[in-house]
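First listed ligand is number 1; within each ligand, the first listed atom is number 1. Owing to the predicted nature of the structure, the values given are computational and were not obtained by experimental measurement.
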Amino acid sequence: MMSKKRVCIIGGVAGGASVAARIRRLDEHADIIMFEKGPHVSFSNCALPFYLSGMIDDSDKLVLMQPDTFLKRYHIDARVHHEVVKIDAEQQILHIKHVLTGEMIQEPYDTLYLSPGAKPIMPKNISGIEKDHVFSVRNVVDIKAIDSYIKEHDVKHAAVVGGGYIGLEIMENLKERGLEVTLIEAANQVMRPIDFDMVQIVHQEIVSKGVELVVGEAVCAIHNDHLLTNQGKSIQAEIVIMAIGVLPEVALAVDAGIKLGKTGAIEVDHNFKTNLKNIYAVGDAIEVHHALLHKTTRLTLAGPAQRQARAAADHLYGRVVKNKGFIGSSSVKVFDMNIASTGLNANQCLENDIRFDSVYIIASDKVSIIPDAKPMHLKLLYEVPTGKILGCQAVGKGDVVKRVDVAAAMITMDAHIDDLKDLELCYSPLFSTAKDPLNHAALVALNVINGEYKEVKVSEVRDLVSKGAFIMDVRESHEYEQGHIKGSHHIPMSVFRERLKDIPKDQPVYIHCRSGQRSYNVVRALMQLGYHDVYNISGSFLGISYYEYYMDQKLSRDPIVTQYNFN
Ligand code: FAD
């Protein structure tokens with residue numbers, strides 16, 4: 001008979017609880033003990049921000065399973081308030097402190113799983129960071145403390161520091177609660193997985209909903225009712241939420257002799273084993289293999305933590321695990337905009353010397369006559385010259401996540417833009433268009449990669465305007481009157497064949513419409529009518545409006561459009 005395994009797990013949330021549950025499914029006889037230093041196991045970290053707006057109206061709902069349920073249903077010994085303070089890897093013994101009583105105990109293990117997560121970064125060089133009104137968000141205790149502080153101190157103004165997905169979700173939920181909110185981000189944009197051109201849509205959405213957005217400034221001092229940035233800006237805030245990133249919890253592992261990788265997170269092998277015998281590690285505390293960059297990276301997301309947990313548990317029971325690495329897929333909602341991204345963005349390609357190009361299309365997410373059809377901004381990044389799909393980002397009020405999920409699947413399968421062009425996706429007018437936005441983006445990318453037509457990016461338009469380039473607006477008069485590029489030539493698509501004499505052949509012609517479809521057709525027609533230097537402006541007027549709007553406000557610069565139009 002096989003001897004009974006004694007499995008200990010450090011951390012009782014995403015990775016830890018998944019390891020425990022998987023092991024139980026594989027082995028009814030194992031002793032499984034899960035140590036969690038906090039008061040809850042198995043809570044939904046990802047849903048924490050929604051408690052602040054009342055969308056989740058009871059903090060108990062954030063906790064998915066109590067220790068007694070783990071025991072009754074799964075025979076898993078989940079011990080809350082138990083902090084593992086030392087791993088004796090030689091003797092295979094854990095030293096555990098009861099957080100409330102201070103009592104110390106020891107527990108032996110045959111196999112140990114580490115899933116201690118990552119802790120919020122709280123830089124000591126920000127003066128005032130230790131003050132009582134400064135919070136971070138990691139668990140249910142944190143979110144309840146924020147909620148209580150707001151109620152007890154009748155907080156009216158909040159500052160959220162950091163524009164990653166946690167910061168954005170906290171920002172939105174505090175605003176929905178009725179607070180005046182300022183979001184401060186040290187980089188020149190929020191949501192760094194999203195490229196600068198696409199993220200301008202998010203910036204516009206944030207400011208249009210009445211949040212003060214401060215990018216490119218770092219918080220350097222926190223006072224009782226305001227904070228200061230390194231540019232000398234003073235921001236009123238009776239509560240400050242820090243969300244500038246996380247660091248892997250590695251102190252315990254390092255103390256035990258577990259090796260860290262180049263990223264500072266725990267190094268693991270193909271099967272999520274550490275360098276020490278019988279010790280696995282999963283989740284936010286480890287570094288993973290990036291399947292597109294072919295190097296290690298940190299990825300603090302719940303989906304990968306779950307997959308790693310299952311794989312690491314399977315390995316213990318001799319099941320073959322295929323670790324293909326990770327590509328990084330994430331989504332977030334910012335007020336009315338949904339945002340999703342997968343794979344590599346432009347910065348990652350540049351930093352890693354990957355030859356790439358991208359197309360940015362704006363397509364209707366449903367057939368346009370359907371009342372709630374909305375524009376979808378979709379960017380597809382692909383390798384040059386192979387056309388291998390590298391990344392995809394989408395922003396819009398509709399179901400952008402579905403499109404990015406499909407792209408994620410394609411990337412995982414090593415697909416090329418040709419494959420995406422032909423991909424058969426579900427269609428009915430209520431859900432999509434017969435040519436899905438993804439098929440559409442792939443077709444545009446194929447046209448570009450095959451040199452069938454040329455386009456310029458929205459980011460290049462300001463420069464074209466300042467150089468006095470010939471920019472041709474092919475929208476109809478009623479659209480043109482609702483905002484156009486200053487100095488552009490208005491030659492509507494419906495009459496351009498009669499007005500060829502107004503279109504020069506001796507200089508480049510840059511064509512745009514509302515969202516790209518009409519201008520593309522005009523580009524094709526002109527190319528066949530003897531024009532050799534014609535370009536489509538990707539994103540067209542809608543994309544230009546979004547791209548320019550926030551930076552115009554921030555820099556108080558002269559707009560290149562007579563009026564923005566976000567419709
Ligand atoms: P965790 O789930 O954080 O669990 C680690 C646990 O280990 C902690 O509870 C900690 O107390 C415990 N622990 C640490 N050291 C010890 C010790 N020595 N002894 C005992 N216990 C210990 N990801 C997404 O994919 N999508 C999202 O929308 C999303 N939203 C998020 C929103 C918020 C506010 C937060 C905080 C995270 C969000 N994440 C999201 C990230 C996701 O929650 C993490 O990637 C995931 O929880 C990582 O799992 P983990 O097991 O490594 O760590």
Self-check item: Proximity of Ile166 to ligand 1 by residue part, where a heavy atom lies under 4.0 Å
Solution: side chain
Exercise. Just jot down the ligand 1 atoms closer than 4.0 angstrom to any heavy atom of Val137, in number order.
Key: 34 (C), 36 (C)
Quiz item: Can you list the residues that meet the side chain to side chain donor-acceptor pair (under 3.5 Å) rule with Glu249, with sequence neighbours excluded?
Solution: Arg138
Quiz item: Is Arg79 paired with Asp77 through a side-chain N to carboxylate O contact shorter than 4.0 Å?
Solution: yes
Quiz prompt | Taking atom 32 (C) of ligand 1 as the reference point, the nearest protein heavy atom with its distance | solution = Asn45 O, 3.4 Å
Exercise. Ignoring hydrogens and angles, state whether a donor on the side chain of Asn278 or Gln92 is under 3.5 Å from an acceptor on the partner side chain.
Key: yes
Self-check item: Tyr149 and Phe135 aromatic ring geometry - parallel, tilted or perpendicular at 30°/60° bounds
Solution: perpendicular
Quiz item: Taking the inter-plane angle between the rings of His289 and His294 on a 0 to 90° scale, is it parallel (under 30°), tilted (30 to 60°) or perpendicular (over 60°)?
Solution: tilted
Practice problem: Below 4.0 angstrom from a heavy atom of Gly11, which ligand 1 atoms are there? Numbered from 1 as shown, please. | Solution: 6 (C), 7 (O), 12 (C), 21 (N)
Exercise. Write out the residue and atom name of the closest protein heavy atom to atom 15 (N) of ligand 1, then the distance separating them to 0.1 Å.
Key: Pro116 CB, 3.6 Å
Quiz item: Is any N or O atom of Glu169, backbone or side chain, closer than 3.5 Å to an N or O atom of ligand 1?
Solution: no
Quiz item: With a cut-off of 4.0 Å, which atoms of ligand 1 are near a heavy atom of Gly283?
Solution: 52 (O)
Quiz item: For residues Ser53 and Asn173, is any side-chain donor paired with an opposing acceptor at under 3.5 Å?
Solution: yes
Self-check item: Atom indices of ligand 1, in the order listed, that fall short of 4.0 Å to a heavy atom of Gly15
Solution: 49 (O), 50 (P), 51 (O)
Exercise. Just say parallel, tilted or perpendicular for the rings of Phe70 and Tyr74, cut-offs at 30° and 60°.
Key: tilted
Exercise. Before accepting this row, confirm whether a basic side-chain N of the pair Asp372/Lys374 lies closer than 4.0 Å to the acidic partner's carboxylate O.
Key: no
Self-check item: Pairing of Asp27 and Lys5 as salt bridge, 4.0 angstrom limit
Solution: no
Quiz item: For atom 24 (C) of ligand 1, what is the nearest protein heavy atom, given as residue, atom name and distance?
Solution: Ala302 N, 3.4 Å
Practice problem: For ligand 1, note which part of Glu249 has a heavy atom under 4.0 Å away: side chain, backbone, both or neither. | Solution: neither
Hey, can you pull the donor-acceptor pairs under 3.5 Å for the side chains in residues 188-204, sequence neighbours left out?
unit_1: Gln189; atom_1: NE2; unit_2: Met191; atom_2: O; d: 3.1
unit_1: Gln189; atom_1: NE2; unit_2: Ile194; atom_2: O; d: 2.8
unit_1: Asp195; atom_1: OD1; unit_2: Ala346; atom_2: N; d: 2.9
unit_1: Asp195; atom_1: OD2; unit_2: Ala346; atom_2: N; d: 3.4
unit_1: Asp195; atom_1: OD2; unit_2: Lys379; atom_2: NZ; d: 3.0
unit_1: Asp195; atom_1: OD2; unit_2: Gln393; atom_2: NE2; d: 3.1
unit_1: Asp197; atom_1: OD1; unit_2: Lys379; atom_2: NZ; d: 3.1
unit_1: Asp197; atom_1: OD2; unit_2: Lys379; atom_2: NZ; d: 2.9
unit_1: Gln200; atom_1: OE1; unit_2: His203; atom_2: ND1; d: 3.0
unit_1: Gln200; atom_1: NE2; unit_2: Phe196; atom_2: O; d: 3.0
unit_1: His203; atom_1: NE2; unit_2: Val190; atom_2: N; d: 3.2

Quiz prompt | Nearest non-hydrogen protein atom, atom 46 (C) of ligand 1 | solution = Ala14 CB, 3.7 Å
Quiz item: Would you say His40 contacts ligand 1, with heavy atoms under 4.0 Å as the rule?
Solution: no
Quiz item: Among protein heavy atoms, which lies nearest atom 8 (C) of ligand 1, and at what distance?
Solution: Glu36 OE1, 3.5 Å
Quiz item: Would Arg138 count as a contact of ligand 1 if the rule is a heavy atom under 4.0 Å away?
Solution: yes
Quiz item: How close does the nearest protein non-hydrogen atom get to atom 22 (C) of ligand 1, and which residue and atom is it?
Solution: Lys37 CG, 3.8 Å
Quiz prompt | Close N or O approach (Leu301, ligand 1; < 3.5 Å) | solution = yes
Quiz item: Starting from atom 19 (N) of ligand 1, which protein heavy atom do you reach first, and at what distance in Å?
Solution: Val84 N, 3.1 Å
Quiz item: Applying a strict 4.0 Å limit to heavy atoms, is Asn139 in contact with ligand 1?
Solution: no
Exercise. Taking only heavy atoms of Thr300 into account, list the atoms of ligand 1 that are under 4.0 Å away from them.
Key: 41 (C), 45 (O)
Quiz item: Between Tyr280 and Phe272, does the ring centre distance come in under 6.0 Å?
Solution: no
Quiz item: With backbone taken as N, CA, C and O and side chain as the heavy atoms from C-beta onward, which portion of Ile10 lies under 4.0 Å from ligand 1: side chain, backbone, both, or neither?
Solution: side chain
Quiz item: Nearest protein heavy-atom contact for atom 27 (C) of ligand 1: which residue, which atom, what distance?
Solution: Cys46 SG, 3.4 Å
Self-check item: Carboxylate-amine/guanidinium proximity below 4.0 Å for Lys175 and Glu180
Solution: yes
Self-check item: Salt-bridge present (Glu172, Lys209; N to O < 4.0 Å)
Solution: no
Quiz item: Between His133 and His153, is the ring centre distance below 6.0 Å?
Solution: no
Quiz prompt | Residue Gly117 vicinity, atoms of ligand 1 by number, heavy atom under 4.0 Å | solution = 5 (C), 52 (O), 53 (O)
Quiz item: Looking only at heavy atoms, is any part of Leu252 under 4.0 Å from ligand 1, and if so is it the side chain, the backbone, or both, or is it neither?
Solution: side chain
Quiz prompt | ligand 1 atoms in contact with Ser115 (distance to a heavy atom under 4.0 Å) | solution = 4 (O), 5 (C), 6 (C), 7 (O), 50 (P), 51 (O), 52 (O)
